[in-house]
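We use all heavy atoms of the structure for the numbers below, so side chains are in, but hydrogens, waters and symmetry mates are not.
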Amino acid sequence: MIRTAHERIGDLFAAAAIEARGRHPELANRYVRLARRIGMRYNVRLPPEYRELYCRSCSAYWAEGVSVRTRLRSGRRVRSCLLCGATRRVKIRASVAAANRLPPTELRPADEVDAVVAEAPSQIDDAELESEEDG
Ligand SMILES: [Zn+2]
């Protein structure tokens, strides 16, 4: 039963991604609401790659530029729901890991790709500094 619930959740999010930019974007929100209800009904967590894709307040499917606005502010990625106004703040470093888990069909906001590029050199620098201190 748990495997089936995961399959249904995956199918609903795949359908939501299609409908969000299609003729009936309101269907995407409906699919998210159903997927969340399936998760609650069978006590299954939504996989982490899906948990960034919807509003936790109103269950709207978040399509960048359509139903969500993403801004980088004070080292955090702030995503604002354009339907209900709820905001979700995630520290950049944590959000980079989540962005790397996004399904390949989902378009990444340019902000997140820039954050990944900006993060990489600083991590290398930190590692080099530590090795110099050891020697
Ligand atoms: Zn919302």
Side-chain angles (χ1 to χ4, degrees):
M1 191 56 91
I2 286 173
R3 190 182 70 87
T4 307
H6 274 133
E7 284 175 1
R8 291 172 69 193
I9 289 168
D11 289 347
L12 282 166
F13 270 97
I18 293 167
E19 290 295 342
R21 295 178 187 280
R23 282 190 193 174
H24 303 288
E26 70 280 1
L27 274 180
N29 305 339
R30 169 83 175 145
Y31 294 153
V32 169
R33 193 164 292 127
L34 287 172
R36 294 182 80 184
R37 281 181 62 186
I38 289 167
M40 284 186 265
R41 172 69 179 82
Y42 295 106
N43 196 21
V44 169
R45 289 181 137 234
L46 294 191
E49 62 264 35
Y50 298 139
R51 299 176 73 185
E52 297 287 318
L53 298 180
Y54 64 87
C55 174
R56 297 199 178 182
S57 175
C58 70
S59 292
Y61 182 84
W62 275 352
E64 190 63 45
V66 177
S67 54
V68 66
R69 179 180 59 223
T70 303
R71 295 290 182 266
L72 300 183
R73 188 192 299 161
S74 306
R76 286 170 178 79
R77 185 184 60 164
V78 181
R79 307 190 86 192
S80 307
C81 179
L82 298 182
L83 278 82
C84 75
T87 58
R88 180 161 159 70
R89 298 175 189 82
V90 182
K91 285 210 172 145
I92 295 289
R93 200 166 283 271
S95 74
V96 167
N100 290 338
R101 285 195 302 265
L102 282 179
T105 54
E106 180 67 19
L107 292 173
R108 285 190 201 175
D111 287 349
E112 286 184 1
V113 175
D114 291 344
V116 171
V117 172
E119 286 282 312
S122 66
Q123 288 170 351
I124 294 167
D125 290 344
D126 290 346
E128 288 175 353
L129 284 175
E130 284 171 14
S131 63
E132 285 171 10
E133 285 169 5
D134 291 341

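- One finds the CZ atom of R89 at 8.0 Å from the OG atom of S80 (value rounded to the nearest 0.5 Å).
- With sequence neighbours excluded, no residue satisfies side-chain hydrogen bond (donor to acceptor under 3.5 Å, both in side chains) with R33.
- Partners of L27 by side-chain contact (heavy atoms from CB on, under 4.5 Å), not counting sequence neighbours, listed by chain and number: E19, H24, Y31.
- Among residues two or more places apart in sequence or in another chain, the side-chain contact (heavy atoms from CB on, under 4.5 Å) test is passed with A60 by N29, C55, C58, C81, L83.
- A distance below 6.0 Å separates the ring centres of Y50 and F13.
- Listed for the S57 side chain is no donor-acceptor partner under 3.5 Å among the backbone atoms of A86.
- The shortest non-hydrogen separation linking A20 to A63 is CB-CB, 4.1 Å.
- With sequence neighbours excluded, the residues forming a side-chain hydrogen bond (donor to acceptor under 3.5 Å, both in side chains) with S59 are R36, listed by chain and number.
- The pair R79-E64 meets the salt-bridge criterion, with a side-chain N (NZ, NE, NH1 or NH2) lying under 4.0 Å from an Asp/Glu carboxylate O.
- I9 approaches A35 most closely through the heavy-atom pair CG1-O, 3.8 Å.
- Here S67 contributes atom OG and R21 contributes atom CZ; the two are 8.0 Å apart, rounded to the nearest 0.5 Å.
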Open item on the list: Working note: L72 + I92, criterion side chain to side chain contact (heavy atoms under 4.5 Å, CB included); need CA distance, chi angles, decisive distance, verdict.
Closed with: CA-CA 8 Å; L72 300 183; I92 295 289; 3.5 Å; yes
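- Atom-to-atom distance recorded for D11:CG and I38:CD1 is 9.0 Å, nearest 0.5 angstrom.
- With rounding to the nearest 0.5 Å, the separation of CG in L46 from CE in M40 is 8.5 Å.
- For R88, the side-chain contact (heavy atoms from CB on, under 4.5 Å) partners are E52, R56, W62, V90, not counting sequence neighbours.
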